[in-house]
Each structure stands twice: as C-alpha cells, then as structure tokens.
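One structure below.
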Amino acid sequence: MSSYQQFQSVEHLLCWFSFKLLGSAQHTLRAFTRHPSVVSRLLSTMAPTAKYNVLFVLGGPGAGKGTQCEKIVAKYGYVHLSAGDLLRAERADKTSKNGDLIEWYITNGAIVPVEITIELIKNAMENTTSTNSFLIDGFPRNKDNLDGWTKIMDDKAEVKQVLNFDLSEEECLARAMKRGETSGRTDDNVESFKKRFVTFKESTQPIIDHFEVKNLVTTISSVPGPDEVFVEVCKVLDNLQ
Ligand SMILES: Nc1ncnc2c1ncn2[C@@H]1O[C@H](COP(=O)(O)OP(=O)(O)OP(=O)(O)O)[C@@H](O)[C@H]1O
Ligand SMILES: O=c1ccn([C@@H]2O[C@H](COP(=O)(O)O)[C@@H](O)[C@H]2O)c(=O)[nH]1
C-alpha cells in the first residue's frame, strides 16, 4: 500500500496535512521564543528601510553651487556629494579604467555616461553611515543622468528639493576665470567654460524644467554675495521636513 492509500478520502489526507503544518508552526514559534535576538534580527531585515533624503543642487558652471553646499553642510549637516568632485577623484585614481575617458568629458564640458557617475554616487551614499540626507551637487545634468538615477536610485532615495542657482553667463565666466587662477581645474579656461555653458543650457536646463513640473525647484539668484544667497537657501531648507 502506498503511503497515500492509508487515507480514506482526499479530505482525510488534507486534514492530516494541516495537522502536520500546525505542528511545525508550533515548533518554529517555540524555537523563536527561546531566541529573541534571532526574532528581532529577522524583523529588522523585514522592516522597510528609510529612503535617502536628497537635495539636488543645480545651476550654471561657476554659479556658486559648491560654495552654498559648504554652508548647507555646516548649518544643516547634510553630506555633500559633488558629482564633479567624485569624477575628478576617479580620474586621479591610477587603478581606474575610466580616468582618460573622464578627462576627455571634463575638458570638453561634456557629460560623462551615467553608468560611471551613478556608481560613484551610489557607493558614496552607501558608504555614509552618519546620515541619510544628501546634497547631490551638479547632478543630474542631462536626460541620460536622470534616467540612470531613476533606474538605480528611485526606489532608494526621495528627491525632496532641487536648488537652482541662477547667474548670467558673463558672471559665471568671470567667477570661473577668477577661480581658475588657483583651482588647477582643467576646465577653468574660456574654451572649456563656453562648452560647459552650452551643455548647461541645452542639457541641464531641461532637467531643471522636468523637476519644475513636479514643483520641486527653488531658483535662487546667485548675484549677491555668498552670505546673502545663503539667507535665501535657509528659507527653503527651514521649510523642508
Ligand atoms: N555669491 C557669490 N558671489 C561672488 N563670488 C562667489 C559667490 N559664490 C561663489 N563665488 C565664487 O565663484 C567661484 C565659483 O563658485 P563655486 O565653485 O561654488 O561654483 P560652482 O557652481 O560649484 O562651480 P562648478 O559648477 O564649476 O563646479 C568660486 O571662486 C567662489 O568663491
Ligand atoms: O554628473 C556629472 C557632474 C560633472 N560632470 C563633469 O564634470 C565637470 C565638472 O563638474 P562640476 O560640477 O562643475 O564640478 C562637468 O563639466 C562635466 O564634464 C559630469 O560629466 N557629470
């Protein structure tokens, strides 16, 4: 007689099966109560983890994004991730296979493919343990950047606000050239600046417009001095929860 033939009906078989299930559930519960630390570890892996809070910081080349980010960090304790700085650090890393490619894009005022940039941003966020609030400066700069962000980060991060620093091309150029006297940056020269500004207008402005439609953008004039600009920044950040 096969093991199933001992049951007189399907109902009988199902009944027997339910008792078995209940028995093992009871056994598991008893094991859990003997090991509360296992239970709390299990629960913590099941609980939804909080999303990163993100502020994107955009604006023309030399408009003062980095300057304001420093002030925001000092007052509000965000972690500042400058996409440009992350790319420059990767370019300087002798072991990176992307160094030459990044150099070409930066000098030509063009935008590095998002696969490279998003990996750097994601790693920097994941390696931060002090906070889950980030200022992402100079990203996303074009549709490729935005698509990459959406694909990789949308379920991990919430974009709370986009700060857009507004300054004329002439003033951006003047500030970038002044900075170039000491920065050592390969793109603080007139030729690179012109290309960067075209990229900003053609590729980044549509991204600002995209967030504008979502009511996430605050545009702040960068014409006054850094402290006055920061007063306007504080008005925005004080109202963010
Ligand atoms: N409000 C301001 N008034 C006058 N000068 C400023 C102001 N903000 C920044 N600067 C100066 O302008 C230069 C560019 O500023 P900053 O590096 O912050 O710009 P950025 O937008 O981050 O530039 P980039 O996109 O090229 O990295 C710096 O030398 C900085 O000291
Ligand atoms: O998301 C990004 C950010 C930057 N780049 C390249 O770096 C330079 C300099 O960036 P800054 O933000 O001004 O420091 C920029 O012109 C791009 O070439 C990028 O490709 N993607």
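In each ligand, atom 1 is the first atom listed, and ligand 1 is the first ligand listed. Atoms considered below: every heavy atom in the structure, side chains included; atoms not considered: hydrogens, waters and symmetry mates.
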Ligand 1 atoms in contact with R196 (distance to a heavy atom under 4.0 Å): 24 (P), 25 (O), 26 (O)
Numbering the atoms of ligand 2 from 1, which are under 4.0 Å from a heavy atom of I111? 20 (O), 21 (N)
For S222, atoms of ligand 1 separated by under 4.0 Å from a heavy atom: 1 (N)
Short N or O distance, R185 and ligand 2, threshold 3.5 Å exclusive: yes
When you compare ligand 1 with A63, is there at least one nitrogen or oxygen pair between them that comes in under 3.5 angstrom? yes
Could you tell me whether D100 atom CG has more than 12 heavy atoms of other residues or ligands within 6.0 Å of it? no
Strictly under 4.0 Å, does any heavy atom of Q68 approach an atom of ligand 1? no
Quick one: does A176 get within less than 4.0 Å of ligand 1, heavy atoms only? no
Please state which protein non-hydrogen atom is closest to atom 22 (O) of ligand 1 and give its distance, to 0.1 Å? G66 N, 2.8 Å
Taking the non-hydrogen atoms of C69, is any one of them nearer than 4.0 angstrom to ligand 1? no
Is the shortest distance from a Lys or Arg side-chain nitrogen in K178 or E181 to a carboxylate oxygen in the other one below 4.0 Å? yes
Ion pair check, E169 and K201, cut-off under 4.0 Å: no
Heavy atoms only, cut-off 4.0 Å: how does T199 contact ligand 2, side chain, backbone, both, or neither? neither
A student checking ligand 2 against G138 at a 4.0 Å heavy-atom cut-off should list atoms 1 (O), 2 (C), 3 (C)
Ignoring hydrogens, what is the shortest heavy-atom contact between D137 and G66? Give both atom names and the distance. OD2-CA, 3.7 Å
Can you name the closest pair of heavy atoms from V236 and I220 and give their distance? CG2-CD1, 4.3 Å
Which protein non-hydrogen atom lies closest to atom 19 (C) of ligand 2, naming both residue and atom, and how far is it? L87 CD1, 3.3 Å
Are R91 and E103 ion-paired here, with the side-chain N under 4.0 Å from a carboxylate O? yes
At under 4.0 Å between heavy atoms, is it the side chain or the backbone of D85 that contacts ligand 2, or both, or neither? neither
Can you pull out the closest protein heavy atom to atom 16 (O) of ligand 2? Residue, atom name and distance to 0.1 Å, please. R196 NE, 3.2 Å
Just to confirm my output: which protein heavy-atom neighbour is closest to atom 20 (P) of ligand 1, and how far is it? K65 N, 3.5 Å
Counting non-hydrogen protein atoms only, what is the nearest one to atom 27 (O) of ligand 1? Give residue, atom name and distance. R185 NH1, 3.0 Å
Answer with yes or no whether G62 contacts ligand 1, where contact means a heavy atom under 4.0 Å from a ligand atom. yes
Give the numbers and elements of all ligand 2 atoms closer than 4.0 Å to a heavy atom of F139. 1 (O)
Closest approach of R141 and T204, non-hydrogen atoms and distance? O-OG1, 2.8 Å
Return the option from K178, E181, R179 holding the heavy atom at the smallest distance from atom 29 (O) of ligand 1. R179
For atom 17 (C) of ligand 2, which protein heavy atom lies nearest, and how many Å away is it? A110 O, 3.3 Å
Considering only non-hydrogen protein atoms, determine which one is nearest to atom 4 (C) of ligand 2 and report residue, atom name and distance to 0.1 Å. R141 NH1, 3.3 Å
Taking all atoms of both residues into account, what is the closest heavy-atom pair of K160 and L216, and its distance? O-CD2, 3.5 Å
Applying a strict 4.0 Å limit to heavy atoms, is E70 in contact with ligand 1? no
Working for side-chain contact (heavy atoms from CB on, under 4.5 Å), residues I121 and F134: CA-CA 10 Å; I121 293 174; F134 294 90; over 6 Å; no
What do you reckon, is CD of E70 surrounded by more than 12 foreign heavy atoms closer than 6.0 Å? no
D147 with K151: basic N within carboxylate O range, under 4.0 Å: no
Y105 heavy atoms, cut-off 4.0 Å: which ligand 2 atoms fall inside? 18 (O)
Pairing of E90 and R88 as salt bridge, 4.0 angstrom limit: no
Give me the residue, atom name and distance of the protein heavy atom closest to atom 9 (C) of ligand 1. T67 OG1, 3.2 Å
Of the protein's non-hydrogen atoms, which lies at the shortest distance from atom 14 (O) of ligand 2, and what is that distance? R88 NH2, 2.8 Å
Does R179 pair with D188 as a salt bridge, N-O distance under 4.0 Å? yes
among protein heavy atoms, the one nearest atom 1 (N) of ligand 1 is P224 O, 2.8 Å
Which is it for T199 and I111 under the side-chain contact (heavy atoms from CB on, under 4.5 Å) test, yes or no, and what are the steps along the way? CA-CA 8 Å; T199 303; I111 298 166; 3.3 Å; yes
Aromatic contact between F211 and F56, with the criterion being ring centroids under 6.0 Å apart: yes or no? yes
Any non-hydrogen atom of P61 lying under 4.0 Å from ligand 1? yes
Got a salt bridge between D227 and K71, using NZ or NE/NH1/NH2 to carboxylate O under 4.0 Å? yes
Nearest-neighbour protein heavy atom for atom 19 (O) of ligand 1, which is reported as residue plus atom name and distance: G64 N, 3.1 Å
Here the gap from I136 atom CD1 to T117 atom OG1, rounded to the nearest 0.5 Å, amounts to 11.5 Å
Nearest non-hydrogen contact to atom 7 (C) of ligand 1 from the set R141, R175, R88, K71 belongs to R175
Which residue and non-hydrogen atom of the protein lie closest to atom 7 (O) of ligand 2, and at what distance in Å? I106 CG1, 3.6 Å
Ligand 1 contacted by G84 (non-hydrogen, < 4.0 Å): no
Do you know which two heavy atoms are closest between P61 and F200, and how far apart they sit? CD-CB, 4.1 Å
Testing the basics here: between P224 and V229, what is the closest heavy-atom pair and its distance to 0.1 Å? O-CG2, 3.4 Å
For the OH atom of Y78 and the CG atom of L55, what is their distance to the nearest 0.5 Å? 4.0 Å
Got the closest protein heavy atom to atom 20 (O) of ligand 2, with its distance? V112 N, 2.7 Å
Taking only heavy atoms of T117 into account, list the atoms of ligand 2 that are under 4.0 Å away from them. 1 (O)
Atoms of ligand 1 close to P226 [distance to a heavy atom under 4.0 angstrom, numbered from 1]: 1 (N), 2 (C), 3 (N), 7 (C)
Could you see which bit of N145 sits under 4.0 Å from ligand 2, with heavy atoms only: side chain, backbone, both or neither? side chain
